[in-house]
Amino acid sequence: MIYFDHAATTPMRPEVLEKMTPYMLEQFGNPSSVHAFGRSGRAAIDAARRTIATELNANPTEVIFTSGGTEADNYAIIGSAMQYQVKGRHVITTRFEHHAVLHAFEELEKRGFEVTYLDVPASGVVSESALRAAVRTDTILVSIMFGNNEVGTIQPIAACGRFLQEQQILFHTDAVQVFAKREIDVETMGIDLLSASSHKINGPKGVGLLYVRSGLKLEAQSFGGEQERKRRAGTENVAGIVGFAEAVRLTAEEREQQTNHYRQLRTMLLARLEASTIDFEINGAEGLAQVINLYFPHVEIEPFLIMLDMRGIAVSSGSACTAGSIEPSHVLSAMYGENPRTKQSVRISFGLGNDLAQVELLAQGLIDIVKSFQNN
Amino acid sequence: MNTRAKAPSETTVVVGMSGGVDSSVTAYLLKQQGYNVIGIFMKNWDDTDENGFCTATEDYEDVIAVANQIGIPYYAVNFEKEYWDKVFTYFLDEYKLGRTPNPDVMCNKEIKFKAFLDHAMRLGADFVATGHYARAVYEDGEHKMLRGVDTNKDQTYFLNQLSQDQIAKAMFPIGHMEKSEVRKIAEEANLATAKKKDSTGICFIGERNFKQFLSQYLPAQPGEMRTLDGKSMGRHDGLMYYTMGQRHGLGIGGDGEPWFVVGKNLADNILFVEQGFHNELLYSEGLYASDISWTASMPAGTEFRCTAKFRYRQTDTAVTVRVLENGRLDVAFDERQRAITPGQAVVFYDGDICLGGATIDEAYKAGERLAYLA
């Protein structure tokens with residue numbers, strides 16, 4: 001079985017597990033406790049926070065650990081909009097955000113905020129000028145994802161961030177697909193709020209973070225203990241946080257080498273497909289080396305994915321479907337409008353362990369199966 | 001060709017899993033027998049309500065639970081468009097004609113043993129299996145469908161439109177069992193659906209009010225209720241809400257025997273009613289039928305004796321069948337029948353073998369058409 005769905009989740013690295021184990025078996029203390037067990041947990045979290053802050057060029061006190069990307073997105077969006085609504089009730093995002101962002105904005109709409117959804121061109125890259133045109137005097141928050149999870153396109157975060165800083169409008173970015181894989185500097189990029197997740201970079205599931213620029217206040221979304229400087233109640237997931245930091249360290253360390261490797265895999269895959277007779281197109285401009293989204297005209301996506309799975313190849317279609325309802329991908333719909341490609345595209349996402357031999361099998365599988373649809 | 005000879009370990013079977021106990025046990029038994037089993041849930045209808053509740057989502061959850069218990073891969077496939085085009089459209093069209101359609105028959109013919117079967121074959125399956133109480137066998141160089149052993153549960157009535165080719169690719173692993181045995185196997189294997197209650201009614205209507213459901217799709221045209229000699233008996237709510245021999249919902253009080261629907265006049269929107277369960281007007285001696293499907297070929301001019309059922313869960317009646325030149329069937333009953341209903345299926349049997357079936361168009365008595373649909 002070969003796994004090409006690393007944008008969905010990744011296997012945990014053995015080094016990460018090794019770092020985590022002692023914090024589950026021996027140093028299991030509650031970081032808030034006044035004894036040696038507690039202090040050792042607290043020390044571990046502080047060390048992890050420093051590693052992660054360094055990766056973002058942030059101060060450790062600006063990093064809040066959460067249960068994952070969704071909680072971080074929700075907290076950033078709802079928490080900041082509610083806190084600063086006296087300044088205005090207009091907020092901006094894009095049409096192709098992850099649902100953790102889009103549904104948070106829908107919640108704001110229910111609470112009386114006005115939301116502008118920026119259109120996304122076929123390139124999958126939102127333009128800074130569209131953002132400039134949408135901003136109003138009562139705009140208080142903008143959220144634009146760093147890298148798109150379905151097509152991998154990278155957004156002009158630094159340009160948007162600098163502009164919004166001048167305008168004194170809060171800027172959140174969902175960096176779940178990009179964090180640690182690319183360099184991010186919250187200072188030079190003008191980012192006020194940033195969400196990231198551990199399980200997308202070979203860390204454990206159930207951990208994420210929200211970067212909150214120093215001086216910003218968010219309306220609380222959870223109520224309980226005083227953890228994370230009273231910003232996120234609940235006993236810390238110590239082992240998870242330790243694992244997350246280790247995953248960040250390793251991913252950042254191998255960044256350049258891995259990016260080159262995935263570029264090579266991508267080039268090889270495209271070369272193999274181009275050499276065949278099948279009809280395909282790439283969705284969106286090139287962005288993250290790990291993600292490639294392909295449109296295969298005339299391919300029915302349900303049997304297509306099943307056939308790949310039966311061959312032991314794991315990829316995914318744009319959107320998860322529940323009980324067999326094929327909803328067109330909202331990302332591809334934002335980019336291409338009503339178009340058969342919103343239901344006939346697949347996402348291939350590379351990650352640790354993928355090599356040229358596997359990509360060869362993937363290419364052969366894709367070619368064989370796509371042919372069975374396109375030849376009749 | 002007998003395709004049933006291959007070893008189980010080399011045979012891929014796609015099981016249509018509904019989230020019910022019958023299809024759960026079907027998948028379980030095939031897996032036990034060593035087949036390469038894949039479970040597929042068919043989503044044919046979206047009934048998501050204002051609270052976001054959808055029966056299909058709940059049923060698929062049960063499919064997932066059972067498939068994981070058995071250790072087989074599972075998928076969901078959407079046939080909503082095919083179901084709408086082939087089954088639901090037919091369903092509404094028949095009601096517009098004042099007839100009583102049988103969507104289960106159409107669903108088996110067009111969805112389970114066509115769209116779904118094609119899908120399974122495309123995935124490389126050798127067979128599709130369902131949790132129907134029926135048996136598929138290869139005998140005397142022919143694929144045959146036999147009644148399920150549980151006479152109370154036999155579902156060949158709903159499968160009557162299957163062709164030789166469709167039966168050749170079908171497996172009915174619980175057809176030789178009693179329902180109680182199926183439940184027992186599910187309980188012993190501790191399957192998540194072991195205690196789930198059987199679904200009732202037409203799948204897309206479920207437990208909802210039938211009249212209300214139909215009125216969302218077809219305008220109801222209330223009209224007059226009359227006896228055949230023209231005596232007015234009040235109003236009806238719309239001809240589509242009534243079926244032949246129906247007693248309930250007429251709202252006729254008074255003394256004497258209860259009243260029954262004995263016919264419809266579509267052109268003038270009149271519902272005919274008469275008194276007495278055994279009213280003479282409800283009885284017929286034969287019927288004409290179309291949309292014939294035989295599991296083996298049956299040329300025009302053929303005349304033969306067999307038994308037949310005119311509704312589900314009815315004991316067989318001896319009949320003489322003549323295949324007419326106009327593509328229809330003339331079915332003469334040995335004993336007269338009550339409330340033969342246009343739109344329902346007439347299904348033929350030779351002992352346990354289901355020979356095929358057709359759709360009832362009209363009933364006759366003493367050589368004259370009855371007033372069922374005038």
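Heavy-atom basis, side chains included; hydrogens, waters and symmetry copies ignored. Labels below follow one simple rule: chain letters A, B, ... track the order of the sequence lines, proteins then strands, and each chain is numbered from 1.
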Trainee: Verify the neighbour count for atom NZ of B:K196: are there more than 12 heavy atoms of other residues, nucleotides or ligands below 6.0 Å?
Mentor: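 Count over threshold, so yes.
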Trainee: Using every non-hydrogen atom in the two residues, find where A:E302 and B:V77 come nearest and quote the distance to one decimal.
Mentor: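 Result for this residue pair: OE1-CG1, 3.3 Å.
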Trainee: Given that the side chain runs from C-beta out, which part of B:I38 has a heavy atom under 4.5 Å from chain A: side chain, backbone, both or neither?
Mentor: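 Only the side chain of B:I38 comes within 4.5 Å of chain A.
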Trainee: How would you list, in number order, the residues of residues 304-312 of chain A that have a heavy atom less than 4.5 Å from chain B?
Mentor: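 Residues in range: A:I306, A:M307, A:D309, A:M310.
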Trainee: Counting only heavy atoms from other residues, nucleotides and ligands, does the tally under 6.0 Å from NZ of B:K211 exceed 12?
Mentor: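 Above 12, so yes.
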Trainee: For B:D126, enumerate each residue passing the side chain to side chain donor-acceptor pair (under 3.5 Å) test, keeping only those at least two apart in sequence or located in another chain.
Mentor: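 Only B:K6 meet the side chain to side chain donor-acceptor pair (under 3.5 Å) criterion with B:D126.
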Trainee: Compare every heavy atom of A:P303 with every heavy atom of B:R122, then report the nearest pair and how far apart it is.
Mentor: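 Between these two residues, the closest heavy atoms are CD-CB, 4.5 Å.
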Trainee: Does B:K114 have more than 12 heavy atoms from other residues, nucleotides or ligands lying within 6.0 Å of its NZ?
Mentor: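 Not buried by this count: 12 neighbours or fewer within 6.0 Å.
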